[in-house]
Amino acid sequence: MILEQRAVAPFYKNGFLVACERTNDAVYIDPGDEVQDILAVVRERELVVRVILLTHGHMDHLAGVNAAKAATGAAVLVHRDDLFLYESAVEQGQMFGYALTPPPPPDGFLVEGQCIPLGDYVMTVRHTPGHSPGGVCFDVTRDGEPGSTLFVGDTLFAGSIGRTDLMRGDFPTLIASITGVLFAYPDETVVYPGHGPSTTIGRERATNPFLKDATPRR
Ligand SMILES: [Zn+2]
Ligand SMILES: [Zn+2]
């Protein structure tokens with residue numbers, strides 16, 4: 001699997017380019033202000049971005065959708081429950097004093113369990129509401145092999161969890177998503193959050209202070 005990660009000011013939100021090393025098919029997860037850096041990688045490595053996936057509708061995760069779609073022509077997919085956020089991206093930007101051009105209408109909606117082929121890999125959509133109602137994670141598996149890599153947006157961070165005080169966030173729902181959906185993955189599963197460094201399910205299960213009392217220990 002080819003994996004390129006970039007984060008730039010002001011939000012230091014991770015944008016991820018995931019691609020199959022055999023077919024050069026690529027997916028761009030959460031295009032934000034790093035979009036030109038990621039598009040440069042796409043050109044250098046001659047990757048073909050097939051789809052633009054959003055973990056959720058907060059503006060730091062979609063500020064680069066316009067540029068990414070214009071450069072690649074790829075379809076933009078978001079969970080329907082975050083459409084209200086996607087459509088209010090400009091207003092969200094204004095709250096932070098940030099001028100954003102409105103993103104194009106999404107080309108489709110992500111649903112729990114949906115499989116997105118990516119060359120020799122498969123991405124599976126996991127609905128993990130709480131940080132936002134339509135928050136999703138992406139489980140990337142090599143076809144026919146065990147083990148997953150998770151892209152979790154702002155649901156789970158290394159040593160922390162997503163905030164739930166923003167538009168329609170909900171704390172019990174977030175904890176249920178993490179313990180019910182993400183913690184069902186084995187300890188060695190590598191996790192790439194929307195901000196900050198990567199971690200593993202095992203490390204968060206054992207040490208995340210927000211989840212110590214919330215989850216049965218194994
Ligand atoms: Zn967010
Ligand atoms: Zn974020």
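In listed order, ligands and their atoms are each counted from 1.
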Between H61 and H56, what is the ring plane arrangement, given parallel below 30°, perpendicular above 60°, and tilted in between?
tilted
Y12, OH: over 12 other non-hydrogen atoms inside 6.0 angstrom
no
Near-ring test Y28/F16, centroid separation under 6.0 angstrom:
no
Salt bridge or not between D187 and R203? Use side-chain N to carboxylate O under 4.0 Å.
no
Protein N, O or S atoms lying under 2.8 Å from the Zn ion (ligand 1), listed by chain and number:
H56 NE2, H58 ND1, H131 NE2, D154 OD2
Within 6.0 angstrom of R142 CZ, more than 12 heavy atoms from elsewhere:
yes
Return the orientation label for the H79 and H127 ring planes: parallel under 30°, perpendicular over 60°, tilted otherwise.
parallel
